[in-house]
Amino acid sequence: MENVFETLKERGFIQQCSNEERVANLFAEKQVTYYVGFDATAVSLHVGSLVPIMAMAHLQRAGHTPIAIIGGGTTMIGDPTDKTEMRPMISAEQIEANGAGILEQLQRYLKLDNRAGRFLNNAEWLLSLNYIEFLRDIGKHFRVNEMIRAEGYRQRLEREMGLSFLEFNYQLLQAYDFLHLFQRYGCALQLGGDDQWGNILAGVELVRRIEGKRVHAMTFPLLTTAGGAKMGKTAGGAVWLDAQRTSPYQFYQYWINTDDRDVARFLAYFTFLPMEEVRRLGRLKDEESREAKAVLAYETTKLAHGASEADKAQAASRTAFGGGGMDLEAIPTSAIAANRLHTGIPIMELFHEVGLATSRSEARRLIQQGGAYINEKQYRAIDTVVDAKLLEENALLLRAGKKRYHRVVQK
RNA sequence: GGGGGUGUGCUUGAGCGGUCAAAAAGGGCAGACUGUAAAUCUGUUGGCUACGCCUACGGUGGUUCGAAUCCAUCCGCCCCCA
C-alpha cells in the first residue's frame, strides 16, 4: 500500500509540514496517533471543516489513530488567530451540547470508539489547571517576543482592535493540549488549518522542551472558492453537515453549484475517488464539467448523509433542473388553511409568509422585478391575489428567483 | 489616574444644524445572457395598513421651530503619558 503521506500530498491536503521527510517516514514506520481540534461554537460542523475531516479519514483508513478534540476549555476563551474580532464566549453547557452534535457528524467519517479513534473535550484537562502551576510549568517556556510576532496577534496589536490578555493565552492552552495528548495517548502529530500553524508549532516546541521528544505539525491550505468566498458560505448562511440545518438536497445543490475552476480541487479534497478518476473529471470542460459537478455533489452528499439520501437529492436535483417537475419531497412546504386560500391571499403576503422574502417590502421588490413565480408563471403585479383557482393538484409551487422554491398546500 | 481620539445601515466608510432612510465601494437580491458555473450589463438593497407614516446614525438627557450633525453625561474601543 502506498504511503498515506503521498496520498494526502497528491490530494492537496498539505500546506506546511514541520518536516516532510520525517512525517512521511513516521506514517510508514508505525501507527501514528494524530489530532485535530474543532471549533465548538456551533452545534454543527459545516463544509469548512471537511478538509480536516477528510484528511483524518484518509489517515484512519491507512491504519492510524485519530483524536478529534473540541475546545470545551479553549472555546470559552475565543481564538484570536486571524480573527478581526474576538469570538463570542459561550457557556460550558452550550459547548457540551455542541460537542454532542459534532461527534455525531464526525462519526459518519471516522470511527471514534475509543479504540480506533477518540473524541475528547479539552475542558477535561484544561478546567482543572491551576494558574500558578501552569505559569510555572508551562508559561516559562513561552517567549512573549516570539508570540507577538505571529501574524494573527500582530494584526490585532497593530490595528485598533486590541487583544485581551485572555486571548493572548490561547496559544499556550492549545500547546498544552498537544502536550497532554502526547503524554496521555502518545499523540505525535497535530493537524489543522494553516492559520493554526503558529499555535501547532508552539505545541511541538512545548513537547520538545518538556518531554524532550519530537512531535510533528501539519497544516492544510485554507480553502476559498475561486470566487474568493470562504468555503461553505452561501447567501443563506453556512452549509452545515447537520441534515436538520442544511437538508441533503441543499447540501447537494451547494456542491453542484461549484465554480468550474474549483471542481478538480474539490473532488480531490472531498471525495475518496481515486486520483485517476479525479483527474479525468477535472479535465472535462465547459458543459461537460457538469458531469464532474454531479459526481462531486453525489459523493459528498453520500459521505455526509448516506447513499439513500444522496440518491434522493440527486433525483430531486435532476428533475428540478432537467426540465421535469420538481420532486415534491425536496421542497420546503407549508400548509395554509383552505378557507384563506378560497378568500384569496395577496401575493406579497404569501411570499413573505412562506419565507421566500424576509419582509413585505422585499416581497414587493421581488414581484416588481419579475422574480416571483407561481406554478412557473411569472407574476409582476403586486396587487395579484392568490386564491384557490391557482391550485394545481391542491398545491401551489412558489418560486423566488431562479432556484428558491417553496410549496404551499391546503390544510 | 491624566491627555487625545473614535462609535454611522450586512461590511468598509462619507456625512455643511434643515434639501439625510443617510454619499461611495463591497456584499446581497432580482432581471437579461448562460451550462443549476464564471464574466458582463441593468435594476434594487430599513419597515409599514405605502405619493404618506414609523423606526434608525453607541446609551440617556438637553439646546433648537428642526439634530447623525451642537452640549452634558454614561458605555465600548483606540493612541499617548503615568
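It should be emphasised that the depicted structure is a prediction, and the values quoted were computed from it without experimental measurement. Chain naming here is simple, since letters A, B, ... match the order of the sequence lines and numbering starts at 1 in each.
Separating the P atom of B:U36 from that of B:A30 is a span of 16 Å, rounded to the nearest Å. On the C1' atoms, B:G4 is 47 Å away from B:A50, given to the nearest whole Å. The separation of B:G28 from B:A22, taken at their P atoms, amounts to 23 Å, rounded to a whole angstrom. Rounded to whole Å, the P atom of B:U8 lies 29 Å from the corresponding atom of B:C53. B:C65 and B:U73 have their C1' atoms separated by 26 Å, with the value rounded to a whole Å. For the P atoms, the distance from B:C71 to B:C20 is 23 Å, rounded to whole Å. Taking atom C1' on both B:C77 and B:G59, the two are 15 Å apart, rounded to the nearest angstrom. Across the C1' atoms, B:G9 and B:A14 are found 13 Å apart, a figure rounded to whole Å.
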key: Annotated protein contacts, base or backbone, on nucleotides 46-52 of chain B with a non-hydrogen cut-off under 4.0 Å, one of B, S, - each   = -SSSB--

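A donor-acceptor pair under 3.5 Å is absent between the side-chain atoms of A:Arg265 and the main chain of A:Leu223, judged by distance alone.
Relative to the six-membered ring of A:Phe5, A:Lys9 misses at least one condition, a distance below 6.0 Å or an angle of at most 45° to the axis.
Consecutive Watson-Crick or G-U pairing (both distances under 3.5 Å) extending over three or more pairs maps onto RNA chain B as B:1-7 with B:75-81, B:10-12 with B:24-26, B:27-32 with B:40-45, B:46-48 with B:52-54, B:58-62 with B:70-74.
Between the CZ atom of A:Arg290 and the C1' atom of B:U34 there is a distance of 10 Å, given to the nearest Å. One interatomic measurement links the two molecules: CZ of A:Arg404 to P of B:G28, which rounds to 13 Å at whole-angstrom precision. Atom CD1 of A:Ile256 and atom C1' of B:U34 are 16 Å apart (whole Å). Computed from coordinates, the A:Gln368 CD to B:U45 P distance equals 10 Å when rounded to whole Å. Rounded to whole angstrom, the span from the NZ atom of A:Lys403 across to the C1' atom of B:G35 amounts to 11 Å. For the pair A:Ile367 CD1 and B:C29 C1', the interatomic distance rounds to 14 Å; values are reported in whole Å. With rounding to whole Å, A:Arg261 atom CZ is found 15 Å from B:G35 atom C1'. As a whole-Å value, the separation of A:Leu366 CG from B:G28 P is 17 Å.
A ring-centre distance under 6.0 Å is found for A:Tyr176 and A:Phe134. Aromatic pair A:Tyr252/A:Tyr298: ring centres not closer than 6.0 Å.
Using a 4.0 Å heavy-atom distance criterion, A:Thr258 is classed as a sugar-phosphate-only contact. Nucleic acid contact for A:Ala400: sugar-phosphate only, since backbone atoms but no base atoms lie under 4.0 Å from a heavy atom of the residue.
Taking only distance into account, the side chain of A:Gln369 meets the base of B:G43 through a donor-acceptor pair shorter than 3.5 Å.
Look at A:Glu205 and A:Arg143 and you find no salt bridge, because none of the NZ, NE, NH1 or NH2 atoms lies under 4.0 Å from a carboxylate O. Ion pairing of A:Glu276 with A:Arg280 is absent here, as no side-chain N (NZ or NE/NH1/NH2) approaches a carboxylate O to less than 4.0 Å. Looking at A:Glu309 and A:Lys312, a side-chain N of the basic residue comes within less than 4.0 Å of a carboxylate O on the acidic one, giving a salt bridge.
By the 4.5 Å heavy-atom criterion applied to side chains, A:Asn122 and A:Leu173 are not counted as neighbours.
For B:G31, the OP1/OP2 oxygens have a side-chain nitrogen or oxygen of A:Tyr373 closer than 4.0 Å.
Which of B:U36, B:G35, B:G31 sits closest to the side chain of A:Asp260 comes down to B:G35.
The number of heavy-atom neighbours closer than 6.0 Å to CD of A:Glu277, taken from other residues, nucleotides and ligands shown, is above 12.
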request  = Given side-chain hydrogen bond (donor to acceptor under 3.5 Å, both in side chains), test A:Gln190 with A:Gln196 step by step and report yes or no.
outcome  = CA-CA 10 Å; A:Gln190 181 181 177; A:Gln196 296 296 316; over 6 Å; no

query = How far apart are the C-alpha atoms of A:Gln105 and A:Asp242, what are their side-chain angles, what is the distance that settles it, and do they pass the side-chain hydrogen bond (donor to acceptor under 3.5 Å, both in side chains) test?
reply = CA-CA 7 Å; A:Gln105 287 152 16; A:Asp242 177 6; 4.6 Å; no

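Glycosidic conformation, B:C33: anti, with the torsion outside 90° of 0.
Both A:Gln378 and A:Lys402 lie near RNA chain B, and the one whose nearest nucleotide falls closer to the 5' end is A:Gln378.
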